[in-house]
Amino acid sequence: MSAALTAVTPEVVEHPKMTVIGTGYLGATHAICMAVLGFDVLGVDVDQSKIDALAAGDVPFFEPGLPEQLRIALDSGRLHFTTDFDEAAAFGDVHFVCVGTPQAPGSNAADLRYVESAFTELARRITRKALLIGKSTVPIGTAARLTDLVADISPLGAELELAWNPEFLREGFAVEDTLHPDRLVFGVSSPWAQQQLTQAFLPILDEGTPVVVTDLPTAELVKVAANSFLATKISFINAMAEICEATGADVNLLATALSLDSRIGGRFLKPGLGFGGGCLPKDIRAFAHRAEQLGVGQAVAFLHEVDDINIRRRTRTVELIREMVGGDLRGQRIAALGAAFKPNSDDVRDAPALEVARMLYMEGAIVTVYDPEANENAHRTYPDLTYADSMIAAVIDADAVALLTEWREFVDVDPDELGRLVRHRRVVDGRHVLDADAYASAGWEYRALGRPATAKTVSLASDTRDGVFA
Ligand code: UGA
């Protein structure tokens, strides 16, 4: 759809003022980028410390490029922050709800309490026509339920409309994905909502970004279906790695051959320690849970297997390290390089790297963890582990080195120099990013999941949009 061709009805605000509720990862990025794009934006959070940090120009998490954008946005005078919902309700023509939907304790379901509270707080205060736009990842049917809730409590009744606009940004690429997304999805219930959303995204639409206009449930489904597909693709190649381990085949050669089939492609087909983070794992669980509630659990029963394959990669990595050090981890010094769930992030939620470090520790290994950005968060999660403040400090006298998150500094290190620091030249490449030949010629025993012990260097299909191993 061409934004320029969309006729604007009188009630549609052409240059809408925006609020962004929730200034975590998604909300802070969205608020900052929208202000950079020229909109007046009010970021809202119940956490005063987050609001104070952002208002002072500090991004409270690690995201490359975002601090610079925050500075630009603050200097423009278009971005402000508050904890006051009255102010937010009075300010916004459109309100983006970007609060978290974590996995509920003791269940696979998503915890919707923050979403419900954000919509409730807004709905009871807004007294002029405005659009409430959900961006959080929610179970299918939530938007319809919230529509009824909002109509019940709003002084405007059904006049206060809801739309759903799922977010596809990746940590580490948040600015790029927000300013230049592959596509936009507008889940709407009326032509007015579609037009108001169009106005809110005009600068991005004007770049030629495709937009898919849907009903509310389809918009909710797009998000979880996309994350499920990505998780399935990763687990598919990791399942093949298990077959490789049983047969002597090499998963890197397999992945390379598969990726050259243009119908398959190489993105998200990198074998290794598997997926983690605050999205893919909990989203596939919540999706399977919701499908079961809807009576169509069988349709996505495979997602349980996707999850299981993914978790097995962690135990298999520990096994590989154990084999390497002679069958018993007790008293063995292991350097765990990486804690974040992926490079260019300090996020350790459901991080495979940190989980492997913890399992090694539980088996009696002396584990030293080093992550360029995530040490602090990792320490908060597992205070019992030892953390080093450099790669060098982590590897000194190690009996084995485990590369668990593919930060550039780990990929680039010279194997011979590294070898001079360790007690035994043994490395497990949990992310398939090291130069196997270079390590072998420097006298290292090199092992990677799904690859024979004699594996040679195979460069996997790469894409600059997917991270440092591109
Ligand atoms: C993911 C999706 O990619 C985004 O589109 C989505 O918006 C976001 O979740 C969300 O729901 O908010 P993110 O969690 O930042 O983004 O991380 P990804 O880049 O998708 O990586 C997820 C995990 O998969 C990482 O642990 C990564 O190491 C792993 N991975 C990725 C592989 O093991 N192999 C691959 O080939 C690619």
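Positions are given from 1 along the sequence.
- Remark: the backbone N or O of Ala438 is paired with a side-chain donor or acceptor of Asp435 at under 3.5 angstrom.
- Legend: residues meeting side-chain contact (heavy atoms from CB on, under 4.5 Å) with Asp384, ordered by chain and number and at least two apart, are Tyr361.
- The two atoms that bring Ala394 and Thr368 nearest to each other are CA-CG2, 3.8 Å, heavy atoms only.
- Here the closest non-hydrogen pair linking Leu156 and Lys129 is CD1-N, 4.1 Å.
- For residues 35-90, the set of pairs meeting the ring-ring contact (aromatic ring centres under 6.0 Å, His included) definition, not counting sequence neighbours, comprises His15-Phe39, Tyr25-Phe61.
- No side-chain heavy atom of Asn377 sits less than 4.5 Å from a side-chain heavy atom of Arg349.
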Query raised in the report: Does the pair Glu87 and Leu42 meet the rule for a side-chain contact (heavy atoms from CB on, under 4.5 Å), with working shown?
Result: CA-CA 9 Å; Glu87 191 185 342; Leu42 186 60; 4.0 Å; yes

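- Atom CE of Met18 is separated from atom CE of Met34 by 4.5 Å, given to the nearest 0.5 angstrom.
- Sorted by first and then second residue, the salt bridge (Lys or Arg N to Asp or Glu O under 4.0 Å) pairs involving residues 106-121 (not counting sequence neighbours) are Asp111-Arg113, Glu116-Arg145, Glu121-Arg124, Glu121-Arg125.
- For Thr142 (side chain) and Val138 (main-chain N/O), no donor-acceptor pair under 3.5 Å exists by modelled atom type.
- Counting heavy atoms from C-beta on, the side chains of Phe96 and Leu132 never come closer than 4.5 Å.
- Side chain of Gln196 to main chain of Val13: a donor-acceptor pair is present (N/O by atom type, distance under 3.5 Å, no hydrogens or angles).
- None of Asp308, Val306, Ile311, Leu303 except one satisfies the side-chain contact (heavy atoms from CB on, under 4.5 Å) rule with Ser235; the exception is Val306.
- With contacts defined as side-chain heavy-atom distances shorter than 4.5 Å, the pair Thr405/Arg431 does not qualify.
- In this structure, SG in Cys279 is found 5.5 Å from NZ in Lys223, a value given to the nearest 0.5 Å.
- A donor-acceptor pair under 3.5 Å is formed between the side chain of Thr101 and the backbone N or O of Thr137.
- For the pair Ala388 and Asn375, the tightest heavy-atom approach, listed with the atom from each and the gap, is O-ND2, 2.7 Å.
- Residues satisfying the salt bridge (charged side-chain N to carboxylate O under 4.0 Å, His left out) criterion with Glu161, sequence neighbours excluded, are absent altogether.
- Shown here are the salt bridge (charged side-chain N to carboxylate O under 4.0 Å, His left out) partners of Glu176, two or more places apart in sequence or in another chain: there are none.
- With sequence neighbours excluded, the residues that form a salt bridge (charged side-chain N to carboxylate O under 4.0 Å, His left out) with Glu305 are Arg312.
- Between Pro166 and Lys135, the closest side-chain pair of non-hydrogen atoms is not below 4.5 Å.
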Please tabulate, one pair per line, all N/O donor-acceptor pairs under 3.5 Å involving side-chain atoms of residues 335-343, not counting sequence neighbours.
| unit_1 | atom_1 | unit_2 | atom_2 | d |
| --- | --- | --- | --- | --- |
| Lys342 | NZ | Glu171 | O | 2.6 |

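- Within the 3.5 Å criterion, the main-chain N or O of Thr256 finds a donor-acceptor partner in the side chain of Ser259.
- A donor-acceptor contact shorter than 3.5 Å links the side chain of Asn238 to the backbone of Gly272.
- Here the side chains of Met359 and Thr315 are in contact, with some heavy-atom distance below 4.5 Å.
- The side-chain tip of Lys233 does not point at the ring of Phe268 from less than 6.0 angstrom away and within 45° of straight on.
- No salt bridge links Lys282 with Asp350; every basic N to acidic carboxylate O contact stays at or beyond 4.0 Å.
- Atom CZ of residue Phe287 and atom CG of residue Leu221 lie 5.0 Å apart, to the nearest 0.5 angstrom.
- Between Phe91 and Thr82 there is no side-chain heavy-atom pair separated by less than 4.5 Å.
- The backbone N or O of Ile204 sits less than 3.5 Å from a side-chain atom of Thr209, completing a donor-acceptor pair.
- Considering every non-hydrogen atom in both Val36 and Arg78, the closest pair reads O-NH2, 3.8 Å.
- The main-chain N or O of Ala143 is found under 3.5 Å from a side-chain atom of Glu220 such that the two form a donor-acceptor pair.
- Not counting sequence neighbours, the partners of His289 by the side-chain contact (heavy atoms from CB on, under 4.5 Å) test are Ser107, Asn108, Ala109, Gln293.
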Requested in this report: Apply side-chain contact (heavy atoms from CB on, under 4.5 Å) to Val185 and Val211, showing your working.
Outcome: CA-CA 6 Å; Val185 174; Val211 59; over 6 Å; no

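- Applying the salt bridge (Lys or Arg N to Asp or Glu O under 4.0 Å) test to residues at least two apart or on different chains, none of the pairs has a partner in residues 45-54.
- Taken to the nearest 0.5 Å, the CG atom of Leu74 stands 10.5 Å off from the CD1 atom of Ile72.
- Here Asp412 pairs with Arg408 under the salt bridge (charged side-chain N to carboxylate O under 4.0 Å, His left out) rule; sequence neighbours left out.
- With sequence neighbours excluded, the residues forming a side-chain contact (heavy atoms from CB on, under 4.5 Å) with Ala118 are Ile21, Val97, Val99, listed by chain and number.
- A salt bridge links Asp177 to Arg170: one of the charged nitrogens lies within less than 4.0 Å of a carboxylate oxygen.
- Between atom CG of residue Leu146 and atom CG of residue Leu162 there is a gap of 6.0 Å, rounded to the nearest 0.5 Å.
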Report task. Take Phe186 and Leu184 through the test side-chain contact (heavy atoms from CB on, under 4.5 Å) and record every step on the way to the result. Result -> CA-CA 7 Å; Phe186 293 168; Leu184 291 167; 4.0 Å; yes

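- Listed here is the closest heavy atom pair of Gly274 and Asn310: CA-OD1, 3.2 Å.
- At a threshold of 4.5 Å between non-hydrogen side-chain atoms, the residues Lys270 and Ile234 do not count as touching.
- Asp429 places a side-chain N or O within donor-acceptor distance of the main-chain N or O of Leu434, the cut-off being under 3.5 Å.
- For the pair Arg128 (side chain) and Ala90 (backbone), a donor-acceptor distance under 3.5 Å is present.
- Ala231 and Ile284 get closest at one heavy-atom pair: CB-CG2, 3.9 Å.
- To the nearest 0.5 Å, atom CG of residue Leu169 and atom OG1 of residue Thr178 are 4.5 Å apart.
- Looking only at side-chain heavy atoms (C-beta outward), Pro271 and Leu460 come within less than 4.5 Å of each other.
- Screening residues 101-140 for ring-ring contact (aromatic ring centres under 6.0 Å, His included), with sequence neighbours left out, gives Phe119-Trp164.
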